[in-house]
Amino acid sequence: MPQHFLTILDLSPEEAVHILDRAAAMKAVDYRSDLLQGKTCILVFEKASTRTRVSFEVAVHHLGGWPVFMTQNDSQLGRDEPIRDTARVLSRYADCLIVRTYGHDKLEELVAHGSIPVVNALSDTYHPCQILADLLTMREHSGHLDGLALAYIGDGNNIAHSLINAAARFPIRLRIASPKGYEPSAAIVEGARRLGADITITNDPAQAAAGVDYLYADVWASMGQEAEQAARAKIFVGFQINQALLDVAAPGCKVLHCLPAHRGEEITDAVMEGPASVIWMRPKTACMCKKPFWNGFSPRPSRPLPYKDTPS
């Protein structure tokens with residue numbers, strides 16, 4: 001296992017499959033342990049979160065660790081203190097950093113200057129833990145991932161980029177439909193293709209959805225893009241997962257959404273609540289997908305005191 005987890009490409013193909021295997025096994029028995037007993041995991045979240053925060057905190061608790069949660073108002077991350085200084089200080093307090101931030105470069109700087117594992121809980125460029133949970137949801141529902149076709153409909157954002165990386169590590173066929181000018185990073189696409197990923201990029205949602213096994217939606221304007229919401233609502237009209245799009249997909253096609261959803265925009269209420277939705281399968285899966293990482297990370301070992309405590 002890698003020391004840090006910033007993108008899915010930090011995992012080898014074998015490690016990526018192992019993560020899903022371990023998470024599935026842990027979910028089957030509602031796994032708990034004392035693996036992290038005496039360990040502290042600091043969660044630094046510059047962006048608001050419900051599912052990511054709760055799933056990480058619960059996962060750390062289930063493994064016997066102690067999560068410490070900090071918002072951007074509680075930390076100096078990227079404000080008055082250089083990130084390299086924050087990395088050095090937090091490395092001396094804790095055993096792992098779980099960071100949800102804006103610029104992906106902040107994560108890379110924490111890795112460069114810290115001495116403990118860093119886990120990406122979301123950046124503007126990637127959201128790897130989310131996608132691992134989605135892939136496990138697909139595997140649980142379909143029984144496998146081999147050859148499954150998934151169409152992502154929407155903005156070429158961090159979700160799209162992590163799906164692209166996933167296509168280089170898992171045997172899925174990925175199609176992405178985005179409006180012109182909102183496609184995913186060409187460099188990320190080409191990098192995944194060089195690793196063997198099967199990826200199609202289009203500006204036509206119906207073309208992307210034709211015959212696929214899964215449809216995937218995300219909001220049209222992500223956190224930090226609120227000022228663009230009105231403009232994007234006009235640009236993204238037609239990039240909605242609805243019954244008409246389901247009708248061109250494969251029979252039995254299922255629908256995923258990373259949440260939170262703007263019902264009536266990128267996805268209809270009827271689809272979210274309908275039989276095609278497997279959106280609500282994922283929350284527990286998301287928690288379980290966090291746990292295998294601590295089996296591979298090497299947090300600072302517990303050390304005995306250099307003296308024996310005696311009652312005063």
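For reference, positions follow the sequence shown, starting with 1. Because the structure is a prediction, the values reported are computed rather than measured.
A cation-pi contact links Arg53 to Phe69, judged by a cut-off of 6.0 Å to the six-membered ring centre and 45° from its axis.
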(message) Evaluate Glu266 against Asp218 for side-chain contact (heavy atoms from CB on, under 4.5 Å), listing each step before the verdict.
(response) CA-CA 7 Å; Glu266 74 277 0; Asp218 190 12; 5.9 Å; no

(request) Begin with the C-alpha distance, continue with both residues' side-chain angles, and end with the deciding distance and a verdict on side-chain contact (heavy atoms from CB on, under 4.5 Å) for Ile176 and Glu183. (result) CA-CA 8 Å; Ile176 294 178; Glu183 298 92 346; over 6 Å; no

(message) Working note: Leu36 + Cys41, criterion side-chain contact (heavy atoms from CB on, under 4.5 Å); need CA distance, chi angles, decisive distance, verdict.
(response) CA-CA 9 Å; Leu36 295 180; Cys41 297; 4.3 Å; yes

(request) Please report the C-alpha distance between Arg175 and Asp204 in whole Å, then the side-chain angles of each, then the deciding distance to 0.1 Å, and finally whether the salt bridge (charged side-chain N to carboxylate O under 4.0 Å, His left out) criterion is met. (result) CA-CA 10 Å; Arg175 303 175 189 176; Asp204 184 346; over 6 Å; no

(request) Please step through side-chain contact (heavy atoms from CB on, under 4.5 Å) for the pair Ile153 and Leu245, ending with a clear verdict. (result) CA-CA 10 Å; Ile153 311 297; Leu245 207 61; 3.9 Å; yes

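Contact annotation: the side chain of Gln229 never approaches that of Val219 to less than 4.5 Å [non-hydrogen atoms, C-beta and beyond]. Looking at heavy atoms from C-beta onward, Ile188 lies in side-chain contact with Thr125 at the 4.5 angstrom threshold. With contacts defined as side-chain heavy-atom distances shorter than 4.5 Å, the pair Cys258/Tyr216 qualifies. The closest side-chain heavy-atom distance from Ile98 to Lys290 is not below 4.5 Å. Put simply, the side chain of Ser142 reaches to within 4.5 Å of the side chain of Tyr214, judged on heavy atoms. Counting heavy atoms from C-beta on, the side chains of Lys27 and Thr285 come closer than 4.5 Å. By the 4.5 Å heavy-atom criterion applied to side chains, Tyr152 and Ile164 are not counted as neighbours. For the pair Arg51 and Pro260, the minimum side-chain heavy-atom distance is below 4.5 Å.
Taking CZ from Arg232 and CD from Gln225, the interatomic distance works out to 4.0 Å, rounded to the nearest 0.5 Å. Atom CD1 of Ile241 sits about 7.5 Å away from atom CG of Leu246, to the nearest 0.5 Å. Taking CG of Leu135 as the start and CG of Leu150 as the end, the distance is 8.0 Å to the nearest 0.5 Å. In this structure, Ile267 CD1 and His262 NE2 are separated by 12.5 Å, a value rounded to the nearest 0.5 Å. Here the straight-line distance linking atom CD of Gln3 with atom CG of Asp10 works out to 11.0 Å at 0.5 Å rounding. Rounded to the nearest 0.5 Å, atoms CZ (Arg169) and CG (Leu9) are 5.0 Å apart.
Nearest approach of Ala192 to Ile199, heavy atoms of both residues: CB-CD1, 3.8 Å. Closest approach of Asn203 and Ser178 over heavy atoms only: ND2-O, 2.8 Å. For Asn120 against Cys129, the heavy-atom pair with the smallest separation is O-SG, 3.7 Å. Of all heavy-atom pairs spanning Ser115 and Ser91, the tightest one is N-OG, 2.9 Å. Counting all heavy atoms, side chain and backbone alike, Lys47 lies closest to Asp124 at NZ-OD1, 2.5 Å. The two atoms that bring Ala286 and Ala133 nearest to each other are CA-CB, 3.6 Å, heavy atoms only.
Not one N or O on the side chain of Gln243 forms a donor-acceptor pair closer than 3.5 Å with the backbone of Val271. The backbone N or O of Val60 lies less than 3.5 Å from no partner atom in the side chain of Lys291, so there is not a single donor-acceptor pair. At distances below 3.5 Å, at least one donor-acceptor pair connects side-chain atoms of Arg173 with backbone N or O atoms of Gly147. Arg100 places a side-chain N or O within donor-acceptor distance of the main-chain N or O of Ala121, the cut-off being under 3.5 Å.
Lys106 and Ser123 are not linked by any side-chain donor-acceptor pair at a separation below 3.5 angstrom, with hydrogens and angles left out of the test. Ser162 and Asn165 are not linked by any side-chain donor-acceptor pair at a separation below 3.5 angstrom, with hydrogens and angles left out of the test. Side-chain contact annotation: Thr101 with Glu46, donor-acceptor N/O pair under 3.5 Å present.
In this structure, Tyr126 and His104 have perpendicular ring planes: the angle between them is above 60°, well past the 30° mark.
Leu215 and Val278 fall into different hydrophobic clusters, where Ile, Leu, Val, Met, Phe, Trp and Tyr side chains are chained together by heavy-atom contacts under 4.5 Å. Met70 and Tyr102 are not part of a single hydrophobic cluster, where members link through side-chain heavy atoms under 4.5 Å apart. Both Leu132 and Ile159 belong to a common hydrophobic cluster when Ile, Leu, Val, Met, Phe, Trp and Tyr are linked at side-chain heavy-atom distances under 4.5 angstrom. Following chains of ILVMFWY side-chain contacts shorter than 4.5 Å, one can reach Leu20 starting from Phe293, so the two form part of one hydrophobic cluster. A continuous path of Ile, Leu, Val, Met, Phe, Trp and Tyr side chains, each step under 4.5 Å between heavy atoms, connects Met281 with Met138, placing both in one hydrophobic cluster.
Taking the centre of each ring, Tyr182 and Phe239 stay at or above the 6.0 Å mark.
The 12-atom threshold is exceeded at CZ of Arg88, counting heavy atoms of other residues, nucleotides or ligands nearer than 6.0 Å.
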